[in-house]
Structure formats: structure tokens, C-alpha cells
Amino acid sequence: MATIRRCNYSTMSIASYLRLWLRFFYILHAVDASTAAQAKQVYIAYLGHRSSLDPSRIEAEHHQMLAAATGSDVAAKDALIYHYKHSFRGFAAKLSKDEASTISRMAGVLSNFPSKGRTLQTTRSWQFLDVEKETSININPNSPTSNYYLWLKAKFGRDVIIGLLDTGIWPESKSFQDDSLSPIPRRWNGICENGSQLNASHCNRKLIGARMYVKGYEQMFGPLNITATGEYLSARDKDGHGTHTSSTAAGNFVADANTYGFGNGTAKGGAPRGRISMYKTCWPVLPNPEGDNSVCTEADMLAALDDGIHDGVDLFSISIGNSNPQRIFSEDAIAIGAFHAILKGIAVFCSAGNDGPTAATAFNLAPWIVTVAATTIDRSFPSPAILGNGTVLKGESISPYKLGDQFYPLIFAGSAGMDNTDASQCLSSSLDPVKVKGKVVLCMRGQGTRVGKGREVLNAGGIAYILGNSPSNGREVSLDAYVLPGTAINADDTVIAQEYIRLCRNAQVKIVPATTVVGIKPAPVVAAFSSRGPNSLNPDIIKPDIAAPGVNIVAAWTKANSPTGLPSDHRRVAYNIISGTSMACPHAAGAGALLKNIHPTWSPAAIKSALMTTGKLVNNLNQPITSASGKEAGPFDFGSGEVNPIAAADPGLVYDAKLKDYLLFLCKVGYKSSEIKLITGKKLSCDPKPPSISDLNYPSVAVTNLKKFKTVTRTVTNVGSMGTYNVTVQAPPGISLEITPNTLQFGAQGERRRFKIKLRVSQSSKGKYVFGSYTWFDGAHVVRSPIVVKSR
Ligand SMILES: *[C@@H]1O[C@H](CO)[C@@H](O)[C@H](O)[C@H]1NC(C)=O
Ligand SMILES: *[C@@H]1O[C@H](CO)[C@@H](O)[C@H](O)[C@H]1NC(C)=O
Ligand SMILES: *[C@@H]1O[C@H](CO)[C@@H](O)[C@H](O)[C@H]1NC(C)=O
Ligand SMILES: *[C@@H]1O[C@H](CO)[C@@H](O)[C@H](O)[C@H]1NC(C)=O
Ligand SMILES: *[C@@H]1O[C@H](CO)[C@@H](O)[C@H](O)[C@H]1NC(C)=O
Ligand SMILES: *[C@@H]1O[C@H](CO)[C@@H](O)[C@H](O)[C@H]1NC(C)=O
């Protein structure tokens with residue numbers, strides 16, 4: 001408008017100007033009206049710390065803001081979805097863009113951002129990324145948490161309450177029986193919400209809380225269709241994922257747990273006597289031809305975190321991801337909720353994501369979160385495929401079905417498509433039954449789900465399938481309880497199988513039935529799917545932080561879904577084997593729960609530090625842990641290493657971080673003093689200029705914009721006995737590294753010592769990351785921190 005007036009007023013008659021103005025106005029108005037009608041969406045207004053107001057005053061204030069933005073009390077009531085009022089302040093409301101921007105400009109509003117849908121880190125969440133994903137959780141006898149001595153010391157985690165945000169829980173699973181559990185800790189405030197097929201009578205001394213959050217989902221996807229989804233409007237788990245993660249974190253001991261006999265053993269969580277509170281925030285999205293496909297909205301997750309903190313959980317385990325690019329912390333519901341959790345002493349564990357091995361794919365990046373990568377364990381399920389010419393391809397499988405002990409015709413799906421189309425991925429309705437009938441089909445991984453490919457082969461009349469890794473999957477195979485006989489082969493073997501089929505007119509194959517083998521070497525190996533660093537928001541904080549088992553993990557399952565999640569699959573199992581960083585996260589959380597039981601006064605940062613500085617770097621061949629590619633793993637693959645709960649229980653020193661440390665970090669990433677006051681209610685001047693992000697008292701060190709030299713500081717707190725620590729340094733190539741002082745003496749527990757790390761470029765890394773480490777050692781405790789440096 002202003003432009004029109006300035007440019008055209010003098011040369012235009014008043015009438016024509018008015019006409020133009022009216023037309024322009026009308027167009028703007030029309031556009032406005034239609035966006036207002038169509039584009040209302042859920043926004044989350046984040047208003048910082050809770051202050052001392054009582055909840056009803058907080059609600060009244062939120063209402064005033066909404067009324068001002070929407071124009072009336074009635075509209076404000078309609079718009080409101082959640083008040084966040086117990087543990088921090090804010091609200092979720094359905095707003096037009098204009099209303100949202102009005103709220104963004106109001107005093108006291110730190111951020112006002114659209115509530116996004118997030119995904120579970122499971123194999124079957126195909127819809128949002130259109131590529132195959134992995135799930136993760138674990139209960140296996142070889143898990144690093146299965147050490148009896150540590151369990152005794154940690155009383156099996158009995159005093160710790162783990163809160164999970166997930167798809168719900170199957171209360172009847174044996175993993176959630178409460179035999180030999182002491183009474184529920186008296187400080188517990190949570191409830192078992194009444195709902196569909198779940199109420200207080202389903203809770204016990206193991207499952208002590210169960211709530212559901214669906215309003216954010218329903219605003220985004222419409223009312224949950226119970227008929228079509230088979231869902232429960234309660235914390236009961238239709239999907240299976242939440243039952244799996246819960247039992248991995250804190251499932252009770254269950255003998256003879258297995259999936260069709262595979263992985264048979266005693267199932268148990270990291271904290272077998274720990275308590276579980278389930279916050280169901282993830283719901284299915286239709287259509288789901290390839291099986292379950294859940295979404296968890298930020299509005300719902302923030303409500304769950306608000307309640308969970310108030311309920312009194314000690315630790316959160318959140319196996320929920322995020323698509324890239326990552327949003328800043330004040331526009332990321334998990335980061336906001338986690339921040340207020342750690343201020344209350346609640347540690348927060350999150351999955352790093354299943355988008356690896358591509359660089360910079362890790363999410364849940366806030367420095368107050370423990371970000372967990374996934375590794376393999378030393379168990380495998382060999383099911384070799386023997387080609388007609390005698391070559392044996394190592395395969396792995398947990399299919400309950402067996403092919404006869406003879407050769408069968410083998411074809412490549414790429415040449416078995418309908419109308420000669422490329423069906424190499426075996427996507428739904430792509431295979432030609434005439435070509436497939438009675439044959440074993442080689443299907444490629446990539447698009448769609450692994451189990452869905454098997455379903456397609458079966459539908460087209462095939463008798464078995466071989467799932468071939470694409471080069472990006474490398475040597476790693478992720479397993480599922482297929483709906484037909486089959487085995488999964490690595491990328492090299494896939495190339496051999498394809499060549500064999502191409503060269504042989506009558507290609508044939510025999511598939512040897514799978515067995516469970518333990519003691520596999522090397523293990524652990526960092527999973528190819530596990531998301532990698534560097535940290536895409538703040539490269540000067542290394543992410544992920546640690547790694548834990550997340551490949552082919554046995555844990556409890558719902559009785560309301562099949563092991564594959566395919567709607568056409570009507571089988572039911574009590575325990576299922578799945579993979580993903582979703583499975584790694586509750587392993588790390590279970591380990592954290594044990595530490596919390598042994599050291600109830602430790603801060604979340606201390607727990608995280610203990611897990612990180614004691615991380616395992618070598619595999620069961622006593623060689624450096626590698627990635628699935630065979631390359632030695634580094635900080636961007638597994639952070640500080642594989643969790644090692646026994647060592648973490650007695651770390652010697654910890655890098656603690658308090659509110660002030662995180663506030664300085666917030667200053668440095670651009671928050672103003674006034675905003676920090678809102679976030680925490682505490683005054684903190686961001687002037688003079690805070691130290692760099694690299695100076696956050698983190699258990700690892702990253703300096704990614706190193707010019708000539710830089711000094712960063714750290715402070716360690718003695719949590720062990722009196723003693724003297726010496727430092728040893730492994731400088732990154734081209735960097736000289738000096739630590740002063742190089743000896744630290746400690747008398748009593750709780751003593752703190754500061755030291756400086758001086759980095760100097762002797763040879764530029766030319767924009768590449770280089771890796772090193774430094775380690776404090778007192779003769780008993782090894783306190784190691786990885787270092788990442790990038791210089792111009
Ligand atoms: C619990 O929910 C069911 C429906 O799911 C309802 O019939 C029942 O009255 C509710 N009970 C209580 C105590 O609210
Ligand atoms: C709780 O659920 C059980 C089993 O479904 C049912 O028998 C009972 O009536 C329910 N209790 C309430 C209070 O709704
Ligand atoms: C719910 O799903 C059923 C079965 O798919 C369908 O018949 C029905 O129309 C759906 N209801 C709504 C409200 O969409
Ligand atoms: C699992 O192991 C137990 C104990 O070794 C054994 O009794 C049981 O038969 C096994 N179950 C299966 C399905 O292999
Ligand atoms: C079988 O065929 C494949 C593909 O051509 C080949 O790589 C392999 O060496 C053959 N095996 C034998 C034993 O000849
Ligand atoms: C630390 O260094 C001092 C001096 O070199 C040495 O006497 C001491 O044994 C070292 N301590 C350890 C645990 O290596």
C-alpha cells in the first residue's frame with residue numbers, strides 16, 4: 001500500500017487511486033479470510049518458568065492473552081488446547097497466522113511456534129521420511145545393564161520412577177508384574193487415568209502412572225478413529241513401541257522370554273525393580289497400508305512433560321524423533337520440557353535418531369539432554385542363503401517360518417514387476433504374480449518397510465524372500481518376524497546374489513532356518529541407521545552423547561498388534577525383536593536409573609557425565625569399536641562411547657552443570673537477559689560477554705571454529721575418594737593440546753578443581769573435523785573426554 005501511494009499518487013486521479021486501493025484491499029482481505037479459515041493450526045506459546053502463581057491465575061492470564069489475540073472470550077475458549085502450568089508456563093491453541101503473530105509480540109512470550117508431529121524411531125515409520133526407519137529398545141541377557149553386582153548395589157533401581165513418552169503400555173505383560181516390589185514411593189503424585197480398557201485397577205507397584213494426551217493429535221489429524229485404528233482412548237498400547245521401551249527401561253524379570261523361540265532368555269529392564277509412568281503421546285496416522293505409523297505432537301508431548309515433572313518422575317526416556325532441520329531450543333517442545341525437567345533434578349534421555357550414517361542427522365541436541373546412539377549386541381540369528389552354485393551368503397532372520405531343505409527357484413524383484421516396471425523394492429502391489437508364483441524373491445531395501453516387502457511377496461504368490469541391503473545399509477541387517485520364510489543379507493552379498501541371478505538361467509537358492517547365536521564378535525558395533533554428529537545446531541557441543549544397544553532387541557510387546565505391525569498380520573507375541581535408537585534410549589535411561597538409586601543426590605548433569613566419561617571404547621575383540629562400515633567409531637558416531645553402567649557407578653570425577661552453566665549457554669546462543677529471566681525466573685546478565693559455547697562444563701569438548709589458538713575451561717567435581725589425578729592427552733592431528741594444571745589433587749568428596757585446555761593449530765585441518773581426547777586417571781578411575789576440533 002505504501003508503495004502504491006508513494007509511486008502513483010501524483011499521476012493518478014483520486015478515483016482511480018481509490019479503485020486500485022479498494023481492489024488491492026479486497027484481494028488482501030479475501031486472502032486473509034481464506035487463510036484464516038483454512039490455515040488455523042496449533043501453536044505452542046512458551047512463557048518460561050512457572051512463577052509462584054497458582055494454576056488458576058495462570059489459566060486466567062493465558063485466557064486474557066488468547067482473548068486479546070482472537071477478539072473474544074468465546075474464541076479464546078475455542079482456541080485453547082492445553083494450559084501448561086505445573087512445571088513451566090505456556091499454552092497450546094489453535095490459531096490463525098495473524099493471531100499467532102499477535103501472541104508472539106505480547107510481553108512475556110518467549111516463543112510461539114507451530115506444534116509439529118514427531119515420529120517414533122521405529123522401523124515402520126515410513127510416511128514422514130519416505131525411507132525405512134528402525135525402532136529400538138532392548139531386554140537381553142547380554143545387555144550392559146545385566147550385572148548383578150551393580151543391581152544389588154542399586155537395589156535393582158527400586159526407588160526410581162522412569163517416565164516415558166510413547167505409544168502407551170500393555171499393563172498385562174509379565175514384564176510389568178509387581179511381584180517383589182516394595183510399596184510405591186510416597187512422594188509420587190501421578191495417577192492412572194481412567195480410559196478405554198485401562199484404569200487405576202491396571203496399575204500396580206511397577207506401573208504407577210498412566211496418562212494419555214490426544215488433543216494436539218486430534219487438532220492436527222482430526223478425531224481419532226477408534227474403529228479404523230483399533231486404538232484405545234487411554235494409555236493402553238495398541239502399537240507395541242511403548243510397551244517395548246518401558247520394559248527395556250524397567251521391566252521385571254521374566255524367564256523364557258523370546259519371539260518365536262528367538263533370543264530366548266530372561267527378559268528384564270535396566271532397572272528391574274524401577275517404576276514406570278507412561279505418558280501416551282503417540283497415535284497412529286491413517287492410512288497405514290504398511291503397518292503402524294505413529295505421530296506424537298509437540299502440544300501433547302509438552303503437556304505430558306508438564307504433568308510428568310509435577311508427578312515426580314526421576315528420569316524421562318523419550319524415544320521420539322524429529323525431522324531436520326532442527327529448531328532452536330525455545331521452539332522445540334522436547335528441549336523446553338527437558339530444560340524444566342533438569343532444573344528439577346530430572347535427567348532426560350532421548351534417542352539420537354535413525355537417519356544415519358549421514359553426517360549431522362542427530363536430533364534432540366540440547367546440551368541438557370542425554371542423546372543416545374544405537375549399537376549392536378553380541379547376538380545374531382544366522383540363516384544362510386545357499387545359492388545354486390554353492391556360494392553361501394551369510395543371512396540373518398527371525399522368521400518363524402521355514403523353507404524345506406532343498407533348492408527353490410530364485411528371482412530378482414527388479415525383473416518381476418507388473419507390466420515390466422521396476423519392482424526391486426517389492427512395494428505394495430508392484431509384483432507380477434505370474435512371475436513370482438512359487439519362487440523365492442530377492443527384494444531390495446530402501447523405500448517402504450522391510451516387513452511390507454515380505455507381505456507383497458506373499459500376496460503375489462512367492463514362497464519366501466531375501467531382503468537385500470542397499471549399499472547404504474552396508475553390512476548391517478535389521479530383523480523382523482516376517483510373515484513368510486525369508487532371510488536378510490548384507491550389501492556385498494546382495495551384489496553377489498544379483499550377479500548370480502543375472503548370470504544363471506535357472507537361479508536357485510536354499511534358505512537355512514535361523515538359530516540364535518550369542519558371543520558374536522565384534523560387538524558392539526555402531527548401527528548404520530544410528531544418527532550421526534556433528535550437532536547441526538551448536539557444533540561446539542558434541543552429539544550424540546553416548547551409545548547403547550539398539551539392534552535386534554527383545555522386549556515386551558502389546559497383544560493388540562502383530563510383531564510386524566502389518567494390519568493384515570494377525571499373529572500376537574508377548575515379546576518382539578525390533579531395532580532403532582528408540583531401543584537404545586531406554587537402555588541408557590535404565591542405566592541412569594541405577595545411578596540415580598546409588599547416588600540420589602547427583603544432578604542430571606552428574607549422571608550424564610558419569611555415563612559419558614566411563615564410556616566403553618573397545619569391543620569384545622579388545623579392539624576399537626567400529627561403525628557398521630568397519631571404520632573405527634568416533635565421537636560423531638557414538639559420542640563418548642558405549643554405556644558402561646558398572647564403571648559409571650563409580651566415575652571418580654564428574655563434570656557437573658548447574659542452572660547457571662546452562663543460562664550462560666543460552667546467553668551465548670543468543671538469548672537476551674530479559675528472556676532468560678522469563679525462562680527461569682532468575683536474573684542473569686548476559687553482559688559482559690559470556691564465555692564461548694565450548695566452555696559449557698560438558699563432559700566432552702568441541703571447538704569447531706578454531707583460528708590460531710583457544711583456551712577452554714572445565715571444572716571437575718570429586719565424587720570418589722581422596723586422590724591425585726594425572727592427565728594424559730591424545731591431541732587431534734595438527735593440534736597441540738596442553739592441559740593446566742596437569743595434576744589435580746582432591747581431599748574430600750565434593751571438592752571442585754578447574755583446569756584449562758589450550759588448543760593451538762600447528763597444521764590447519766582445512767575445515768575437516770579432527771578427533772582426540774584427554775583422560776584423567778588416579779590409578780583407579782579413568783575419566784575420559786573426547787575432543788573434536790575443526791580449524792580453517
Ligand atoms: C471410566 O471410564 C469408563 C469409560 O471408559 C466409564 O464408563 C467409567 O464411568 C469411568 N469411571 C470413572 C471412575 O470415571
Ligand atoms: C476398570 O477396568 C476394569 C477392567 O476393564 C473394570 O472391570 C472396572 O470396572 C474399571 N473400573 C472403573 C472404575 O472404571
Ligand atoms: C472410521 O473408520 C471407519 C472404518 O475405516 C469408517 O467406516 C468410518 O467412516 C470412519 N469414521 C470417520 C468419522 O471418519
Ligand atoms: C527357553 O529357554 C528355557 C530355559 O532354557 C527352556 O526351558 C525353554 O524351552 C526355551 N523356550 C524356547 C521357546 O526355546
Ligand atoms: C556363484 O555366482 C556368484 C555370482 O556370479 C559368484 O560371485 C560366485 O563366486 C559363484 N560361486 C561359485 C562357487 O562359483
Ligand atoms: C601421576 O604423576 C606423578 C608424577 O609424575 C606420578 O608420581 C604418579 O604415579 C602419577 N599417578 C598416576 C595414577 O599415574
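Computed from a prediction, not measured in an experiment: that's the story for all the values here. Just so you know, these numbers use all the heavy atoms, side chains as well, and skip hydrogens, waters and symmetry mates. Atoms within a ligand are numbered from 1 in the order they appear, just like the ligands themselves.
- In terms of protein heavy atoms, atom 11 (N) of ligand 5 is closest to Thr391 OG1, 2.6 Å.
- Salt bridge absent: Glu193 and Lys280 never bring a charged side-chain N and a carboxylate O closer than 4.0 Å.
- Of all the heavy atoms in Val214 and Tyr82, the pair that sits closest is N-OH, 3.5 Å.
- The closest approach between Leu503 and ligand 5 falls below 4.0 Å for a heavy atom of the residue.
- Residues Arg754 and Pro741 share a closest heavy-atom pair of O-CD, 3.9 Å.
- For Gln197, no heavy-atom contact with ligand 2 is shorter than 4.0 Å.
- Between the side chain of His781 and the main chain of Asp778, no donor-acceptor pair closer than 3.5 Å is present.
- Neither side chain, Asn622 nor Lys521, offers a donor N or O lying under 3.5 Å from an acceptor on the other.
- Those atoms of ligand 6 with a heavy atom of Gly779 less than 4.0 angstrom away are 13 (C).
- For the residue pair Lys206 and Gln177, no side-chain donor N or O sits within less than 3.5 Å of a side-chain acceptor on the partner.
- In terms of protein heavy-atom proximity, atom 14 (O) of ligand 5 is closest to Asn389 ND2, 3.6 Å.
- For atom 1 (C) of ligand 6, the nearest protein heavy atom (residue, atom name, distance) is Asn726 ND2, 1.3 Å.
- Residue contact check: Ser201 has heavy atoms under 4.0 Å from atoms 1 (C), 2 (O), 3 (C) of ligand 2.
- A donor-acceptor contact shorter than 3.5 Å links the side chain of Thr614 to the backbone of Ala610.
- Contact annotation: for Thr724 versus ligand 6, there are no heavy atoms closer than 4.0 Å.
- Nearest protein heavy-atom neighbour of atom 5 (O) of ligand 5: Glu499 OE1, 2.9 Å.
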